[in-house]
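Structure below; questions to follow.
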Amino acid sequence: MVYDEQNVFSKILRGEIPVNSVYEDEYALAFEDINPQAPVHLLVIPKGSYVSLDDFTMKASEKEVAGFFMAVGQVAREAGLSESGYRILANHGNDANQEVPHFHVHIVGGRNVGKMISLKDN
Ligand code: AMP
């Protein structure tokens, strides 16, 4: 799996593209999705260069994995979603229609987001 340094989230990490950032620590950056699917739609990305969850869990250190997922929980709490609830999701590869080849977790909430993600054909 070859990481593309020109992908949009890599540019965001380098500060080349502005985002509405909501959280940052040594392992993760979180910001608002540019095309929100719910009243709250945040993206959490690791600081390291990983294509997807598959790549991340193969190559990242335990510290990076733990730090990243701690950040996901923290971001959801800070967004005020702990009481009302939220969904996280991560797309890997073609069948999941992953658009940006830098691992990211979506956090969606702020309304009832239904029972399950759409599994319809495109
Ligand atoms: P995925 O299909 O899981 O790869 O999702 C990629 C997500 O990145 C989509 O929800 C896009 O709306 C979002 N996105 C793409 N470019 C930007 C950007 N410049 N700032 C914030 N979100 C973005």
Side-chain angles (χ1 to χ4, degrees):
M1 223 173 299
V2 180
Y3 182 81
D4 171 14
E5 299 284 347
Q6 293 311 311
N7 81 74
V8 64
F9 291 173
S10 183
K11 290 180 178 176
I12 286 169
L13 280 173
R14 291 196 296 271
E16 295 168 12
I17 294 177
V19 284
N20 290 328
S21 168
V22 296
Y23 179 90
E24 182 166 14
D25 65 20
E26 67 177 297
Y27 300 107
L29 174 71
F31 50 90
E32 294 174 355
D33 195 293
I34 204 168
N35 182 23
Q37 304 297 308
V40 179
H41 187 168
L42 303 171
L43 300 170
V44 190
I45 68 176
K47 289 275 175 87
S49 301
Y50 303 102
V51 177
S52 70
L53 180 76
D54 188 60
D55 197 28
F56 187 58
T57 53
M58 263 196 300
K59 296 183 190 154
S61 67
E62 289 183 9
K63 239 175 140 182
E64 286 175 283
V65 174
F68 175 77
F69 281 102
M70 298 283 278
V72 173
Q74 182 71 17
V75 169
R77 272 190 297 281
E78 288 183 7
L81 298 175
S82 293
E83 287 282 318
S84 52
Y86 59 91
R87 176 170 294 138
I88 67 168
L89 79 94
N91 294 314
H92 161 69
N94 285 341
D95 278 357
N97 295 286
Q98 181 182 2
E99 285 172 20
V100 179
H102 180 109
F103 174 46
H104 51 282
V105 165
H106 298 252
I107 300 174
V108 287
R111 66 166 168 80
N112 189 309
V113 291
K115 279 225 174 228
M116 194 44 184
I117 55 171
S118 167
L119 295 176
K120 68 178 171 25
D121 294 340
N122 284 305

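Please read these numbers as outputs of a predicted model, since none were measured by experiment.
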Worksheet item: Hey, is Lys47 close enough to Glu24 for a salt bridge, meaning N to O under 4.0 Å?
Response: yes

Worksheet item: So Leu89 and Val105, side-chain contact (heavy atoms from CB on, under 4.5 Å) or not? Walk me through it.
Response: CA-CA 6 Å; Leu89 79 94; Val105 165; over 6 Å; no

Worksheet entry | Same apolar cluster (I L V M F W Y, side chains within < 4.5 Å links), Phe69/Leu29 | no

Discussion item. Under 4.5 Å between side-chain heavy atoms, counting indirect links through other Ile/Leu/Val/Met/Phe/Trp/Tyr residues: same cluster for Met70 and Val44 or not?
Written reply: no

Fill in: Non-hydrogen side-chain atoms of Glu5 and Tyr3 separated by less than 4.5 Å
yes

Discussion item. For Lys59, is there any backbone N or O sitting under 3.5 Å from a side-chain donor or acceptor partner on Glu64?
Written reply: no

Worksheet item: For the hydrophobic clusters of this structure (ILVMFWY residues joined by side-chain heavy atoms under 4.5 Å, transitively), does one cluster hold both Val100 and Ile107?
Response: no

Fill in: Under 3.5 Å: donor-acceptor pair, side chain of Arg111, backbone of Val40
no

Discussion item. Would a single hydrophobic cluster contain both Ile45 and Ile17, if residues Ile, Leu, Val, Met, Phe, Trp and Tyr are joined by side-chain heavy-atom contacts under 4.5 Å?
Written reply: yes

Response to the item:
Looking only at heavy atoms, the pair that brings Ala71 and Ala28 closest together is CB-CB, 3.6 Å

Worksheet item: Taking atom types as modelled and ignoring hydrogens, do the side chains of Glu32 and Asn20 form a donor-acceptor contact shorter than 3.5 angstrom?
Response: yes

Discussion item. Tyr27 vs Phe68, test: ring-ring contact (aromatic ring centres under 6.0 Å, His included). Steps then yes/no.
Written reply: CA-CA 6 Å; Tyr27 300 107; Phe68 175 77; 9.5 Å; no

Item to complete: Could you tell me the separation between the CD1 atom of Ile34 and the NE2 atom of His41, rounded to the nearest 0.5 Å?
Response: 11.5 Å

Worksheet item: When you measure from the side chain of Arg87 to the backbone N and O of Gly114, does any donor-acceptor pair fall under 3.5 Å?
Response: yes

Practice prompt. Give me the ring orientation class for Phe31 and Phe9: parallel if the planes are under 30° apart, tilted from 30 to 60°, perpendicular past 60°.
Written response: perpendicular

Item to complete: Would you give the length of the straight line joining atom OG of Ser21 to atom CD1 of Ile12, rounded to the nearest 0.5 angstrom?
Response: 10.0 Å

Practice prompt. Not counting sequence neighbours, which residues clear salt bridge (charged side-chain N to carboxylate O under 4.0 Å, His left out) with Lys11? List them please.
Written response: none

Item to complete: Could you pull out the closest heavy-atom pair between Gln98 and Gly93, with the gap in Å?
Response: OE1-N, 2.9 Å

Item to complete: Could you tell me the separation between the CG atom of Asn7 and the NE2 atom of His104, rounded to the nearest 0.5 Å?
Response: 9.5 Å

Discussion item. What verdict does the side-chain contact (heavy atoms from CB on, under 4.5 Å) test give for His106 and Leu43, after you've listed the backbone C-alpha separation in whole Å, the side-chain angles of each residue and the deciding distance to 0.1 Å?
Written reply: CA-CA 5 Å; His106 298 252; Leu43 300 170; 3.3 Å; yes

Worksheet entry | Glu78 side-chain N/O to Val75 backbone N/O, donor-acceptor pair under 3.5 Å | no

Discussion item. Just verifying a value: how many Å separate Ile88 CD1 and Tyr86 OH, rounded to the nearest 0.5 Å?
Written reply: 7.0 Å

Fill in: For Glu99 against Pro101, the heavy-atom pair lying closest together
O-CD, 3.6 Å

Fill in: Test side chain to side chain donor-acceptor pair (under 3.5 Å) applied to Asp4 - qualifying residues, sequence neighbours left out
none

Worksheet item: Is a side-chain donor or acceptor of Ser10 paired with a backbone partner of Gln6 at a separation under 3.5 angstrom?
Response: no

Discussion item. Assess, by modelled atom type and distance only, whether the side chains of Tyr50 and Asp54 contain a donor and an acceptor separated by less than 3.5 Å.
Written reply: no

Discussion item. Count I, L, V, M, F, W, Y as connected when their side-chain heavy atoms are under 4.5 Å apart, and connections chain through other members. Are Tyr23 and Val19 then in the same cluster?
Written reply: no

Worksheet item: So, does His102 use its side chain to make a donor-acceptor pair with the main chain of Pro46 at under 3.5 Å?
Response: yes

Discussion item. Is it true that, when you exclude Met58 itself, more than 12 heavy atoms of the residues, nucleotides or ligands shown sit nearer than 6.0 Å to its CE?
Written reply: yes

Worksheet entry | Residues Asn91, Asn97; criterion side-chain contact (heavy atoms from CB on, under 4.5 Å); working and verdict | CA-CA 7 Å; Asn91 294 314; Asn97 295 286; over 6 Å; no

